[in-house]
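A quick write-up on the structure given underneath.
Counting starts at 1 for both ligands and their atoms, following the listed order.
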Amino acid sequence: MKVPQLDLVTQYQSIKPEIDSAIIKVLRSGIVINGKNVKDLENILAEYSGNKYGVGVANGSDAIFIALKALGIGQKDAVITPTFTFFATAGSVVRAGATPVFIDIEPDTYNISSEKLKDFVEKNCIFNKKNGQLTNQETGQLIKAIIPVHLYGQMCKMDEIMEIANKYNLKVVEDCAQSIGSEYRGKKSGSFGDLATFSFFPTKNLATYGDGGMITTCLEKYEDYCKIFRSHGSKPKYYHKFVGINSRLDELHAAILNVKFKYLDKWLEDRFQVARRYQKLFKEYNLLDKIKLPLNDIYDLESHKGHTFHQYVIYVENRDKLQEFLQENGIGTNIYYPLCLHLQECFKYLGYREGHFPIAEKASKHVLAIPMYPEITEEKQEYVVAKISQFVN
Ligand SMILES: *Cc1c(COP(=O)(O)O)cnc(C)c1O
């Protein structure tokens with residue numbers, strides 16, 4: 001049996017007539033950029049994420065970069081991010097001219113630890129109540145924002161993070177690349193921060209066949225800035241207020257995404273059922289004392305959507321050997337992520353060393369994303385768990 005980690009073709013087959021016709025409609029219209037499809041998707045996603053405005057961009061990385069620019073972040077500023085996330089979260093901070101400040105994660109959710117965030121702010125920074133500025137004592141840089149990442153589709157503890165942000169006058173950009181549709185205490189992912197960013201990269205839960213991204217926000221001033229920035233800083237056209245970039249979501253991708261959006265909630269529900277089946281299977285195979293599942297009990301979730309299972313990530317000893325064994329047995333897996341950001345070569349200049357963030361460093365050696373997509377069959381899931389059991393025992 002072959003079980004890929006992700007299967008894009010089965011999903012395409014299930015909605016093929018609609019996708020094909022949406023693509024042909026764009027081609028026949030001759031309008032391939034800045035058309036109705038992009039505007040519709042901007043409105044849809046703004047509403048879906050509990051915001052007022054949406055700004056389509058070329059990818060999720062640009063979305064973070066542009067959101068930071070909209071907040072006025074630049075040189076001499078610092079931005080807090082988890083060390084255990086996709087590179088773009090911190091890469092975008094550097095692209096904006098600022099410095100990333102990394103924080104360790106929680107062992108159970110792999111999300112940024114609000115406790116360690118609080119610790120860092122209280123012990124390593126000085127807050128000037130008069131001007132509302134938070135300064136990193138060690139570097140003298142002003143800390144301007146936090147980028148919480150809802151990793152694997154599971155929500156960060158947003159009440160605690162927002163409390164810290166509000167107390168220390170920090171802006172919040174939610175990186176929702178993996179968490180579209182997730183909810184924390186009844187509120188959607190993307191509805192907590194000043195801006196939220198989404199990615200439509202093929203692996204994401206709402207994905208196109210290529211690249212795409214979106215920024216959502218409740219504030220018109222940010223929407224305005226992002227729209228100008230994404231078109232070379234021009235408004236009106238050919239009159240440039242500042243130097244921006246070219247970062248467009250184009251009509252073909254938006255048309256595809258508008259079709260797929262109608263199925264998003266159903267697909268998220270299917271992912272939840274897949275996660276439930278994994279949990280049942282790992283239990284039946286008596287693996288719970290050898291393998292840590294994403295959640296001890298899926299019903300521990302405060303809401304059904306607290307985790308939308310962008311990835312189903314297990315924590316195992318001997319991870320690399322297990323991955324190899326599964327590969328030999330036709331089972332695809334991935335490691336998100338094998339090296340923490342504070343240990344990346346490009347961030348050497350920041351002065352972090354091994355041991356700085358032990359929880360994240362450990363996670364990077366033990367996490368394994370096993371096959372997860374809405375259309376995976378029970379039979380395939382059982383095969384995956386049976387093979388993991390064979391290896392572990
Ligand atoms: C995918 C992803 C991004 C970047 O999205 P792209 O569209 O690939 O540029 C940013 N942050 C996280 C956490 C991601 O998973």
Inset, instruction - Output yes when the distance from some N or O of ligand 1 to some N or O of D211 is under 3.5 Å, and no in every other case. - result: no
Legend entry - T85 neighbourhood, listing ligand 1 atoms whose heavy-atom distance to it stays under 4.0 Å: 13 (C)
Legend entry - Residues Q279 and Y312: side-chain donor-acceptor under 3.5 angstrom: no
Inset, instruction - Could you tell me whether the side chains of S49 and T216 share a donor-acceptor contact shorter than 3.5 Å? - result: yes
Legend entry - Within-cut-off N or O pair, F200 and ligand 1, under 3.5 Å: no
Legend entry - Nearest non-hydrogen partners of Q178 and T308, listed with the distance: O-OG1, 4.3 Å
Inset, instruction - Find all atoms of ligand 1 within a distance of less than 4.0 Å from any non-hydrogen atom belonging to V149, and give their numbers and elements. - result: 13 (C)
Legend entry - Aromatic plane relationship, Y110 with Y315 - under 30° parallel, 30 to 60° tilted, over 60° perpendicular: parallel
Legend entry - Salt-bridge criterion met for K221 and D194 (N-O under 4.0 Å): no
Inset, instruction - Check whether the side chains of E183 and H304 place a donor and an acceptor atom closer than 3.5 Å, and report yes or no. - result: no
Inset, instruction - Run the numbers for me: atoms of ligand 1, each under 4.0 Å from some heavy atom of G60, listed by number. - result: 4 (C), 5 (O), 6 (P), 7 (O), 9 (O)
Inset, instruction - Record the part of S61 in heavy-atom contact with ligand 1 below 4.0 Å; permitted values are side chain, backbone, both and neither. - result: both
Legend entry - Contacting atoms of ligand 1, where contact means under 4.0 angstrom from a heavy atom of N59: 7 (O), 9 (O)
Legend entry - Nearest neighbour in protein (non-hydrogen) for atom 10 (C) of ligand 1: D175 OD2, 3.6 Å
Inset, instruction - Look at atom 3 (C) of ligand 1 and say which protein heavy atom is nearest, naming residue and atom and giving the distance to 0.1 Å. - result: F86 CD2, 3.5 Å
Legend entry - Min side-chain heavy-atom separation V57-L249 under 4.5 Å: no
Inset, instruction - Starting from atom 14 (C) of ligand 1, find the nearest protein heavy-atom neighbour and note its residue, name and distance. - result: K204 NZ, 2.9 Å
